[in-house]
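Chain letters run A, B, ... following the sequence lines, proteins first, then strands; residues in each count from 1. Just the heavy atoms: all of them, side chains too, but no hydrogens, waters or symmetry mates, feed the values below.
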There are 2 protein chains.
Amino acid sequence: MANLTEQERAKLLDSIRDVKDFPKEGIVFKDITTLLNNPEALDILMSHLESRYRGYNLDFIVGIDARGFIFGSILADRLKVGFVPARKRGKLPYRTISESYSLEYGSDEVEIHLDAFRGIDGAKVLVIDDLIATGGTAGAVVNLVKRAGGVAVESCFIVELKFLSGRERVASPIYSVLSY
Amino acid sequence: MANLTEQERAKLLDSIRDVKDFPKEGIVFKDITTLLNNPEALDILMSHLESRYRGYNLDFIVGIDARGFIFGSILADRLKVGFVPARKRGKLPYRTISESYSLEYGSDEVEIHLDAFRGIDGAKVLVIDDLIATGGTAGAVVNLVKRAGGVAVESCFIVELKFLSGRERVASPIYSVLSY
């Protein structure tokens, strides 16, 4: 597994835009759309993830609605494994299992299809999202993976906001490419 | 550009699941999650699209929120071009342009970032989504591409519901892989 070089890491950090006061005042949002529309930066990132996970013998990658779909599906395509979307409540058409998690105010729910892992018992699964903040969504998705018969071998995030300690809510090993 | 063989087309059709009465009674929903978690089917589809669009010299691929992100980002990665998400209102953090379109009851709005095409005037853009039904969303996204300075050289859909005549609302050439 190849680590990022310092030059590659600098290119990735440069490609992510800070947007102040989004989604509300006082928050600095890490905008990864400027990484996505930069093919050189996107290839650096995805080649790094491909190299990291090539040896994991994954069966499925679960991407979290909606930006996790982007990184998760590219990685699934590169590794030639199945892609599974974890979606907000009511978006998946077939029989689902769901898990709720708490937000700053109130709660939300995330779902996967009951047969997402095609009956493969103990399927090796990587969970992926663009960002881990408080860890509520990712923690719920890791629980869903277990309930659907899979093993969450790792959860991967492009950006981790360390000061929010989100990884403590996620019952799997964690890997983040960049952290703040 | 290679066409799908009859065997490949049959595999793709087999990999898509019909779900009755979703999102409401009387509708048969084309569930592409069973294509996504089938690496062989997904590779057949993406290799076909890669072969089709290799010669288009695209600058960007615009994927429509949220299933369009999956196919669009894989294709952008394979062709090594930028990926741009078109999102529902309020999801993009930076300055956006937006376009509304009518639904059966009421209307909805879709947005892209104002600088999505990185200042490349006349950028060659492919718009992609999983499905075209009435064509409202795709038509609005094609209009956004033009307003952001791009040229929508084609709009691509994995599934087209022909009886809804959605392509008439989209001001670009259309390609659909499968149609019903």
Examine [X] and [Y] and state if one hydrophobic cluster contains both, with Ile, Leu, Val, Met, Phe, Trp and Tyr joined whenever side-chain heavy atoms are less than 4.5 Å apart.
X	Y	answer
B:Ile32	B:Val28	no
A:Leu36	B:Val141	no
B:Phe163	B:Ile174	no
B:Val127	B:Val177	no
B:Ile97	B:Val142	yes

**Request:** Please flag which part of B:Phe29 lies under 4.5 Å from any non-hydrogen atom of chain A: side chain, backbone, both or neither.
**Result:**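 Just the side chain, heavy atoms under 4.5 Å.
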**Asked** So which part of B:Lys88 gets closer than 4.5 Å to some heavy atom of chain A, the side chain, the backbone, both or neither?
**Response**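 The side chain, not the backbone.
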**Request:** Considering only heavy atoms, give the residues of residues 89-96 of chain B separated from chain A by less than 4.5 Å, sorted numerically, with 'none' for an empty result.
**Result:**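 Residues B:Gly90, B:Lys91, B:Leu92, B:Pro93, B:Tyr94 are the ones that qualify, each having a heavy atom under 4.5 Å from chain A.
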To the nearest 0.5 angstrom, please state how far the [atom1] atom of [X] sits from the [atom2] atom of [Y].
X	Y	atom1	atom2	value
A:Ser73	B:Leu75	OG	CG	11.0 Å
B:Ile74	A:Ile74	CD1	CD1	7.5 Å
B:Asn38	A:Phe83	CG	CZ	14.5 Å

**Prompt:** Hey, is CD on B:Glu168 packed in by over 12 heavy atoms from elsewhere, all under 6.0 Å?
**Reply:**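 Open.
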**Message:** I'd like to verify something: which residue of A:Gly82, A:Gly72, A:Ala76, A:Pro85 has the highest number of heavy-atom pairs under 4.5 Å with chain B?
**Reply:**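 Among the listed options, the one with the most contacts to chain B is A:Gly82.
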**Request:** Give the member of A:Arg78, A:Met46, A:Arg87 that has the highest number of heavy-atom pairs under 4.5 Å with chain B.
**Result:**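 The residue among A:Arg78, A:Met46, A:Arg87 with the greatest pair count is A:Arg78.
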**Prompt:** In the hydrophobic clustering that connects Ile, Leu, Val, Met, Phe, Trp and Tyr at side-chain heavy-atom distances below 4.5 Å, which members other than A:Tyr105 occupy its cluster, ordered by chain and number?
**Reply:**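 None; A:Tyr105 is a cluster of one.
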**Leading residue by heavy atom contact count with chain A [cutoff under 4.5 Å; candidates B:Ile70, B:Asp21, B:Val19, B:Leu79]** =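 Greatest number of close heavy-atom pairs with chain A: B:Ile70.
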Hey, can you pull the donor-acceptor pairs under 3.5 Å for the side chains in residues 148-162 of chain B, sequence neighbours left out?
unit_1   : atom_1 : unit_2   : atom_2 : d
B:Glu154 : OE1    : B:Arg52  : NH2    : 3.4
B:Glu154 : OE2    : B:Arg52  : NE     : 3.0
B:Glu154 : OE2    : B:Arg52  : NH2    : 3.0
B:Glu154 : OE2    : B:Tyr53  : OH     : 2.6
B:Ser155 : OG     : B:Ser172 : OG     : 2.8
B:Glu160 : OE1    : B:Arg167 : NH2    : 2.9
B:Glu160 : OE1    : B:Ser176 : OG     : 2.7
B:Glu160 : OE2    : B:Arg167 : NE     : 2.9

**Message:** Applying a heavy-atom distance below 4.5 Å, give me the residues of residues 59-69 of chain A that approach chain B, sorted by number.
**Reply:**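 Contacts with chain B: A:Phe60, A:Asp65, A:Ala66, A:Arg67, A:Phe69.
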**Nearest heavy-atom neighbours spanning A:His113 and B:Asp31** =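 For A:His113 versus B:Asp31, the nearest heavy atoms are CE1-OD2, 3.5 Å.
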**Message:** Donor-acceptor check, side chain of A:Asn37 to backbone of B:Val84, threshold 3.5 angstrom: yes or no?
**Reply:**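 Such a contact is absent between A:Asn37 side chain and B:Val84 backbone.
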